[in-house]
Amino acid sequence: MAMEKTFNAAEAEARIYKMWEDAGAFKAGANASRDDTFCIMLPPPNVTGSLHVGHAFNHTIMDMLTRWKRMQGYDTLWQPGLDHAGIATQLMVEKDLMETQQPKRTDLGREKFLEKVWEWKAAKGGTIEQQARRLGDSMDWSRSAFTMSGAESAPEGEKPGNFHDAVLKVFVQMYNDGLIYRGKRLVNWDPHFETAISDLEVENIEVDGHMWHFKYPLAGGETYEYVEKDEDGNVTLREVRDYISIATTRPETMLGDGAVAVHKDDERYAPIVGKLCEIPVGPKDQRRQIPIITDPYPDMTFGSGAVKITGAHDFNDYEVAKRGGIPMYNLMDTKGAMRADGKPYVEEATTAQAIANGEQAFDEAMIAAMNMVPEDYRGLDRFEARKRVVADITAEGNAVMTTKMVKNDEGEEAETTVPYVEAKKIMQPFGDRSKVVIEPMLTDQWFVDTAKIVGPALDAVKEGRTKIMPESGEKVYYHWLENIEPWCISRQLWWGHQIPVWYGVTSWVNDDGNRSFDLNGRTYFCAATEAEALQKFTDYYGRTPIVVDGPPSDSELREGWETAFSNATFGEAVVASNKGEEGRLAIYRDPDVLDTWFSSGLWPFGTLGWPAEDEAMKYFPGDVLVTGQDILFFWVARMMMMSQAVLEKDPFHTVYLHQLVRDAKGEKMSKTKGNVIDPLDMIDAYGADALRFSNAQMAALGGVLKISEDRIKGYRNFGTKLWNAFSFADHYQIPYPGDPAKPDVSQTLNKWIIGETAKVRETVDAAMEAYRFNDAADALYAFTWGKVCDWYLEFSKPILQGDDTAAKAETEQTLRWVLDQCLILLHPIMPFITEELWGLADSRAKMLVHADWPTYAAADLVDADADREMNWVIDLIDNTRSARAQVHVPAGAKVPLLVTGLDAKGQSAWDNSAALIQRLARIESLTAVDSFPKGCVTIPMAGGTFGIPLEGLIDVDAEIARLEKTLQKLGKELGGLRGRLNNPKFVASAPDEVVAEAKANLALRENEEAQLKAGIARLQEIG
RNA sequence: GGGUGAUUAGCUCAGUUGGUAGAGCGCUUCCUUUACACGGAAGAUGUCGGGAGUUCGAGCCUCUCAUCACCCACCA
């Protein structure tokens, strides 16, 4: 076998991966020799995604765990798949439609658009799975799942799957259990995507904003005495006012104000509580008057202490309005523009005024239909409307004014009155995908009653059934779950699981002879299928309804039932109305889809065939979840809640959280910064193994992840080192025993390295058990390079070239065995190069990917005597080399070595390893002497002192300096040891073994010190 | 405003129950010695962010200050 100079990763990786995949090496249960399962669910990447450094890191860890367990004989499954990623995917397809000049989504219609999405998925969806193969991921690709598989919209020929069944079943079950409900709530609305989003999808970002101060005049020109006091109760301001001052960062929402709220203890406003004030905007003739109410919410110390209440556009106001029964007027349409529908403003304002005066009863539906936007502002974008409102109010003189020094035309400072507008930082909500300002909107949505299902998920962690690593994640987890809000799960999108709820629309003839439509308070049923829904309605009404595509629009409703359903044939759809009149009945399915995370939450079992009875369900519950800290709430917590809510089990026992992967400087990677590292580039340049080793090495629990190309390069070099160790075996023509068993050895050298191997195997296993992947990587690096290559291979040379055939044969066997152990232990981290060497080195029964993971123990294999002896030999070589280098003995020169006071152990060690020592330290002979000659380099060792007689050859001053430096270091150590041992409290309170160790150490160091001093004395005699 | 974590060699970071500091890269010098220059040998560099405390003993535990990072949060 003639090996290449280095491992050709680019050529070998694809070949090796194909070999594994063709052999089915990663299939669920492959290489299983026991019943215990080990299952990891891949966090499904977005179907739109491509592989980035975060995935690369993540996957390395999951693959290490999976390969390790597979080699141990577990029945393993690493389950791959893709997430349909509702918003992100819909966005990408819409963009694609635009770029390719195809009709817009809304023009295509739902069915055609979904066809496009599926086409797009078929064309692009496999990218990331191909990229993952380049990392060496050992997932069972034949099982790859998709969170939209089995959906009604899925085309013929799409890979089968039943994830949709799981989603529907869970929705229906949770609905029936009262865990999902529908309601009109204030939700975060994304005006770009025109959908509701959950709290978690909102990013609060501090931006430059303004706070305007406006006067809301009191109704009927009424006045009151406004008094301000300081902390001590002294009056600082007393004036008669005919208005109340309001501060706002969102003037456009004034149009929807339902009240002004002040704190009940606020004396300043006590005189006017219960009175009406006027919203200072809109047509003069229809200025709306709203009540001044009290509520605990306003902070007396902030702003003017008075807060305008716009229930439909602010979360705090919403709560106040709910408490106070204040109408919440929705001002905007789905795009965030001021509403243009509804009745003329004159009519709406009149109705609103009647409500404010308490003359008119109202309900939710009625308020929802009212448009309080004056004609002048209708249709304007919300930010445009803001500008107009501010300008209009200011022009009319209702802005609160303040004075400011301004330079006049002559450049002189002069006091001027200007509108009081504070420039200040405000926290503004942005959509995490759309990056537009989120608008709180009052809409009908579906919610998961999280408070009802959060308990078991909290208990899982509190009771230790599920462990979150690092531990700090647990506190974060508790905090969020203990303060959990209802989860809005409906999205006004098309790409996703359509909500399995059907609404009934009925009509009947009113007293006045007109038809009326029950739409808002409509009846609905949740059902897994349309047939089931039809049956429920039929049972309920005693008639079979017809099915229509969707609800009649507002305008259609105004025009009447016949128009709204003009294309529908009503046939049997006749019901007895609440008035005893004949009516009509149609049903339609909720057009909304579910939040992507609702389906992701079912990933731990939805991928295993559930709800069908599937053999793969043996892998549930899974074992470890490895994911980024950023989706602890989005995904991890929800999987835990949903698994408990549906199957009453925890989905995994361990959650391994990691941070965002950053660049070498610790900065977030971003395209704009241009610091993005593409893992595929790294693989191209250094091979997947190098990238993986680098990932494993930085995987300190809870650590910051900084990826550096230099590091990756270093681990490529490590791979080459391993490669060359095999070149070494090749070069020395060490025979291939064929899957060598651990040899029985008699040579100290071989006993030692076998013991070292056992130690590293234990270290690696312990590190892997504890998810300390960096420890595993470091231990293997140090063992392979620092022990095997640096010492064992070097030590073996004289034996391999020597005449002792028995020793040679034993060493050859040991060397082969040790190199094999390196491959096996390194395989989970560096699968490619190890598999390649495994195949090159020998003819094997199995591929390395299925090799048996060793179980030998250090307790059995470490030979204490061999260990001590080899460490002594290594020390002697190290010290001799060091001394030589420092007194400038030419590196190639062989020198004689003297020794004095060598004890039996030292003598035996020397005898056993003389050839090795002489070769590695470049020694030509060893002579025992009673005392060293003058001008001799001193090398103190345990059990004897060595010397190199170099009178006349060495730089005496340099050697004295060297010894004194060593002495100085020793002095520090001695000082510490003596200090401790002389302290009676230490001797009394420290554990015995610590004291004993210190004493032994002191004796050793004192001996060294004496030797060094003697050495210096000898040199000084010459000088 | 609340929470979490960080601060250790020039750089990037380890350091598991307190026993007296390590790795990789970089740097300096030497070496093309028959596995490997993606290499070998030798070497330099740290009052472990500041201060206080507990302890015989603190990088590690407690308090405090400083700086940084991230997460959560409704201040109109």
Side-chain angles (χ1 to χ4, degrees), chain A residues 3 5-7 199 204 211 246-250 253 261 297-299 301-310 314-319 426-427 429 440 470 472-473 475-476 479-480 483 629-630 632-633 659-660 664-666 668 686 690 694 697-698 700-704 706-708 710-711 713-732 766-767 770 772 774-775 778 781-782 786 789-790 793-794 797 801 878 881-886 888 890-892 919-920 922 972-973 976-977 979-980 983-991 993-995 997-998:
Chain A
M3 287 179 65
K5 204 161 163 48
T6 57
F7 175 58
D199 300 349
N204 290 302
M211 192 153 81
I246 302 289
T248 179
T249 56
R250 305 203 49 200
T253 63
Y297 165 61
D299 177 350
T301 64
F302 187 86
S304 67
V307 188
K308 63 193 242 7
I309 300 301
T310 318
D314 183 282
F315 284 95
N316 291 310
D317 294 3
Y318 176 69
E319 294 301 326
I426 53 173
M427 290 299 275
S472 61
K475 288 182 192 168
V476 182
H479 183 260
W480 190 70
N483 297 287
Q629 223 168 28
D630 51 333
L632 176 63
F633 309 141
Q659 297 203 357
L660 196 75
K665 290 177 191 155
K668 278 189 187 176
Y686 305 108
S694 169
Q697 203 283 333
M698 69 178 173
L701 265 174
V704 179
K706 296 183 191 176
I707 191 168
S708 126
D710 281 345
R711 246 197 147 97
K713 192 170 163 185
Y715 294 121
R716 186 273 318 265
N717 296 354
F718 172 66
T720 304
K721 189 73 181 177
L722 179 68
W723 183 266
N724 278 310
F726 280 80
S727 291
F728 172 95
D730 195 36
H731 183 265
Y732 281 83
R772 305 177 69 91
N774 57 320
D775 286 350
D778 284 342
Y781 187 99
C789 292
D790 285 352
L793 295 187
E794 292 300 331
K797 284 176 184 175
Q801 291 168 329
D878 268 345
R881 280 172 169 175
S882 179
R884 288 175 55 123
Q886 288 186 57
H888 308 298
R919 184 183 179 116
L920 294 183
R922 303 230 141 215
K972 254 178 147 179
E973 210 179 327
L977 287 166
R980 274 197 278 165
N983 183 338
K985 282 186 181 171
F986 170 73
V987 182
S989 38
E993 65 265 25
V994 174
V995 178
E997 196 190 322

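Every chain is numbered from 1, with letters handed out A, B, ... down the list of sequences.
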Distance-only donor-acceptor test (3.5 Å): side chain A:N316, base B:C74: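 Yes.
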
So what does [X] hit on the nucleic acid, given a heavy-atom distance under 4.0 Å: a base, only sugar-phosphate, or nothing?
X      : value
A:N774 : sugar-phosphate
A:S727 : sugar-phosphate
A:V307 : base
A:Q801 : nothing
A:R980 : base
A:D878 : sugar-phosphate
A:K797 : base
A:P984 : nothing
A:G305 : base
A:I309 : nothing

Roughly how many Å apart are [M] and [N], using the [atom1] atom of each and rounding to a whole number?
N     : M     : atom1 : answer
B:U33 : B:C27 : C1'   : 25 Å
B:C75 : B:G2  : C1'   : 14 Å
B:U34 : B:U28 : C1'   : 29 Å
B:C48 : B:U8  : P     : 11 Å
B:G43 : B:A37 : P     : 23 Å
B:G10 : B:U47 : P     : 8 Å
B:C25 : B:A41 : P     : 12 Å
B:C70 : B:A58 : C1'   : 28 Å

Could you check if a side-chain atom of [X] sits within less than 4.5 angstrom of a side-chain atom of [Y], using non-hydrogen atoms only?
X      : Y      : value
A:K308 : A:T253 : yes
A:L920 : A:R881 : yes
A:Y732 : A:K797 : yes
A:D778 : A:Q697 : yes

What closest approach, in Å, do [X] and [Y] show between heavy atoms, and which atom pair accounts for it?
X      : Y      : answer
A:A690 : A:R716 : CB-N, 3.6 Å
A:T310 : A:D317 : N-OD2, 2.9 Å
A:C789 : A:E794 : O-CG, 4.0 Å

Could you state the [atom1]-[atom2] distance from [X] to [N], rounded to the nearest angstrom?
X      : N     : atom1 : atom2 : answer
A:R884 : B:C31 : CZ    : P     : 14 Å
A:K713 : B:G24 : NZ    : C1'   : 14 Å
A:R881 : B:G43 : CZ    : C1'   : 15 Å
A:K5   : B:G39 : NZ    : C1'   : 9 Å
A:Q697 : B:C25 : CD    : C1'   : 11 Å
A:L632 : B:C70 : CG    : C1'   : 14 Å
A:M427 : B:C72 : CE    : C1'   : 10 Å
A:H479 : B:A73 : NE2   : P     : 9 Å

Residue mapping more 5' on RNA chain B - nearest nucleotide basis, A:R922 or A:F315: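 Going by which nucleotide is closer to the 5' end, it is A:R922.
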
The side chain of [X] lies closest to which of these nucleotides: [options]?
X      : options             : value
A:S882 : B:C36, B:A42, B:A76 : B:A42
A:N204 : B:A35, B:A76, B:A73 : B:A73
A:R716 : B:C38, B:G19, B:A35 : B:C38
A:R772 : B:U16, B:C36, B:A23 : B:U16
A:F302 : B:C74, B:C75, B:U12 : B:C75
A:H731 : B:C38, B:U34, B:G24 : B:U34
A:K475 : B:A76, B:U12, B:G5  : B:G5

Proximity of A:Y715 and A:Y686 rings by center, below 6.0 Å: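 No, ring centres 6.0 Å or more apart.
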
With A:D630 via side-chain contact (heavy atoms from CB on, under 4.5 Å) - residues at least two apart: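 side-chain contact (heavy atoms from CB on, under 4.5 Å) check on A:D630 returns nothing, list empty.
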
Please tell me if [X] has a side-chain N or O lying less than 4.0 Å from either OP1 or OP2 of [N].
X      : N     : value
A:N717 : B:G39 : yes
A:R919 : B:U33 : no
A:Y297 : B:C74 : no
A:K721 : B:G24 : no

Strand RNA chain B in bracket notation, Watson-Crick/G-U under 3.5 Å with | for pairs to another chain: (((((((..((((.....[..)))).(((((.......))))).....(((((..]....))))))))))))....

A:D730 side-chain N/O to A:F726 backbone N/O, donor-acceptor pair under 3.5 Å: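 No; zero donor-acceptor contacts below 3.5 Å.
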
Heavy-atom donor-acceptor pair, A:R884 side chain to A:R922 backbone, under 3.5 Å: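 Between the backbone of A:R922 and the side chain of A:R884 there is a qualifying donor-acceptor contact (under 3.5 Å).
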
